[in-house]
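Let me begin by presenting the structure, written as structure tokens, before commenting on it.
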Number of protein chains: 2
Amino acid sequence: MQIAPASNSADGSATQRTYLAIRRMIVAGVIKPGEKLKIEQLRTRLDTGASPIREALSLLTSEHLVTRIDQRGFRAAETSRKNFNEILEMRCELEEMALRKSIGRATDAWEEGVMLANYRMVRARQQGGEKFEDLHKAFHMALLANCDAPILLQFCSQLYDLNIRYRYLAGLALNYQKRDVDTEHRRIMECAIARDADTASAELKSHYRQTGAFIAELIGEDVSD
Amino acid sequence: MQIAPASNSADGSATQRTYLAIRRMIVAGVIKPGEKLKIEQLRTRLDTGASPIREALSLLTSEHLVTRIDQRGFRAAETSRKNFNEILEMRCELEEMALRKSIGRATDAWEEGVMLANYRMVRARQQGGEKFEDLHKAFHMALLANCDAPILLQFCSQLYDLNIRYRYLAGLALNYQKRDVDTEHRRIMECAIARDADTASAELKSHYRQTGAFIAELIGEDVSD
DNA sequence: TTCGCAAATAATGTCGATATTTTCCGCGTA
DNA sequence: TACGCGGAAAATATCGACATTATTTGCGAA
């Protein structure tokens with residue numbers, strides 16, 4: 001098995017770097033919901049021209065992290081409880097689909113990939129580095145990676161980022177330690193590797209909904225849904 | 001009820017126009033799968049600068065209509081039977097979700113919107129204009145429009161375009177007349193308006209799968225899935 | 001003839017400048 | 001004081017030009 005290195009972020013074109021940088025800032029809450037994204041401002045901040053920024057923002061618009069109003073520029077997407085609920089629900093539906101497919105086509109290589117991703121994630125938490133969140137996503141994506149449905153996979157990835165944004169905004173990277181999240185992850189992984197799609201799906205959704213319920217409370221905002 | 005005009009395509013920024021123009025060309029098969037999309041070429045063809053084209057292509061990349069290889073430019077996305085099957089399946093799943101939500105929240109205004117969209121679509125076919133395909137999409141989207149889940153709706157819209165591309169490539173805008181598609185549409189609409197979510201979903205999926213099976217055959221290509 | 005290397009060609013990606021549009025501010029009027 | 005109308009300032013969107021990278025072409029050697 002070819003072990004992939006832990007993704008370099010310094011490579012690639014200016015557009016790619018800019019895209020990743022802005023996305024990171026929005027997801028991590030450095031840029032707040034609704035905040036204006038001025039080209040000039042980003043230009044100096046990221047030390048690049050207008051074109052890469054514009055392209056990056058266009059991409060982010062497709063991903064619902066940025067909204068665009070014609071002739072009036074870009075803004076970080078607004079957040080709302082309703083939006084959060086939709087993301088959570090969609091995630092449960094689509095990840096279940098992907099997980100079942102993944103398990104249905106299980107191979108040794110996939111198993112190993114999941115195992116490795118879990119190991120890296122757990123280690124990162126113990127070491128307390130900043131890498132944890134990326135590896136957390138990598139673990140969840142590794143579970144789905146075998147589904148052989150690129151579009152579905154991309155939807156899941158997108159929804160993951162939208163969801164994690166709320167976690168950052170709620171400011172509870174810490175809260176994780178209270179629940180025994182490592183155990184939850186291990187249970188999901190073990191069910192998946194044991195080819196038990198029903199239990200794995202149930203555990204996965206429960207995992208998401210527990211975190212989800214907690215965050216939903218913190219969002220304040222009365223609005224209906 | 002406010003009756004919306006049948007969408008102007010000449011308005012908006014250069015980026016918007018460019019985006020719509022290129023998307024239309026790819027979806028309609030004027031640009032073939034895998035074809036190189038040279039900036040210079042598009043620049044003269046659409047009479048605009050490089051920036052709007054680049055932005056438009058970035059957007060289309062997110063929608064799986066264009067692929068990008070770093071430092072090597074853009075190409076129209078490849079097609080394959082496997083890709084088609086994924087699109088079809090995703091569409092059935094997601095549109096069912098959206099339709100059920102839409103019906104669950106049914107209102108008079110929504111009913112009227114569906115009715116109107118159907119009327120316009122049927123009329124366009126009879127008159128044989130080029131507007132039919134747009135109005136066909138408008139009808140299907142009208143069914144889902146009430147779901148109150150913007151992300152889901154966008155996924156459906158995206159998948160619709162990906163799917164219809166295969167119909168164009170198979171070259172059977174005509175084939176439609178053989179089956180009584182108007183009746184299928186009417187049945188779906190009537191079930192939806194009658195708040196019968198189960199039957200409506202079943203009819204909708206059957207509608208897609210009938211067309212889908214027909215197209216899948218025409219794709220040739222042996223490949224596994 | 002075929003292969004590989006190197007120059008020429010072409011295309012991408014990026015930058016800085018400009019025209020157009022929006023936004024902000026202050027002034028005059030009811 | 002409140003309102004609306006300009007005009008100034010700022011920001012967006014777009015263009016044309018340039019640097020960098022890929023691709024093709026042609027030449028020489030095995």
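To find a chain, count down the sequence lines: A is the first, B the second, and so on, and within it residues start at 1. Here the structure is a predicted model, which means the values were calculated and not measured. Hydrogens, waters and symmetry mates play no part in the numbers below; they use all other heavy atoms, side chains included.
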Original post:
Can you tell me if B:E35 uses its side chain to pair, donor with acceptor, with the backbone of B:K32 under 3.5 Å?
Top reply: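 Present.
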**OP:** Look at the side chain of B:E86 and the backbone N and O of A:L152, then say whether any donor-acceptor pair between them is shorter than 3.5 Å.
**Re:**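 It does hold such a pair.
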Does [N] have its OP1 or OP2 closer than 4.0 Å to a side-chain nitrogen or oxygen of [X]?
{"X": "A:S13", "N": "C:dT12", "result": "no"}
{"X": "A:R68", "N": "D:dA13", "result": "yes"}
{"X": "A:T48", "N": "C:dT14", "result": "no"}
{"X": "B:R72", "N": "C:dA10", "result": "no"}

Original post:
To the nearest 0.5 Å, what is the distance between SG (A:C156) and CG (A:L99)?
Top reply: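 Answer rounded to 0.5 Å: 9.5 Å.
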Whole Å only: how far is the [atom1] atom of [X] from the [atom2] atom of [N]?
{"X": "A:Y19", "N": "C:dG13", "atom1": "OH", "atom2": "P", "answer": "16 Å"}
{"X": "A:E55", "N": "C:dT14", "atom1": "CD", "atom2": "C1'", "answer": "9 Å"}
{"X": "B:F74", "N": "D:dT21", "atom1": "CZ", "atom2": "C1'", "answer": "15 Å"}
{"X": "B:I53", "N": "C:dT14", "atom1": "CD1", "atom2": "P", "answer": "16 Å"}
{"X": "A:L57", "N": "D:dT12", "atom1": "CG", "atom2": "P", "answer": "10 Å"}
{"X": "A:Q41", "N": "D:dA10", "atom1": "CD", "atom2": "P", "answer": "14 Å"}
{"X": "A:L46", "N": "C:dC15", "atom1": "CG", "atom2": "C1'", "answer": "15 Å"}
{"X": "B:K36", "N": "C:dA11", "atom1": "NZ", "atom2": "P", "answer": "8 Å"}

Selection from [options] that lies nearest to any side-chain heavy atom of [X]:
{"X": "A:I39", "options": "D:dA13, D:dT12, D:dG16", "value": "D:dT12"}
{"X": "B:K38", "options": "C:dT21, C:dA11, D:dT14", "value": "C:dA11"}
{"X": "A:Q71", "options": "C:dG13, D:dT14, C:dT21", "value": "C:dT21"}

Subject >> Cation-aromatic face contact A:R120/A:F139, 6.0 Å, 45 degrees >> reply: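 No - A:R120 does not lie over the ring of A:F139 by the 6.0 Å and 45° rule.
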**OP:** Using a heavy-atom cut-off of under 4.0 Å over every strand shown, decide if B:L37 touches base, sugar-phosphate, or nothing.
**Re:**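 Sugar-phosphate contact only - B:L37 comes under 4.0 Å of backbone atoms but never of a base.
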Original post:
Using 4.0 Å as the upper bound for N to carboxylate O, is an ion pair formed by B:E89 and A:K101?
Top reply: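 Salt bridge between A:K101 and B:E89, a charged N being under 4.0 Å from a carboxylate O: yes.
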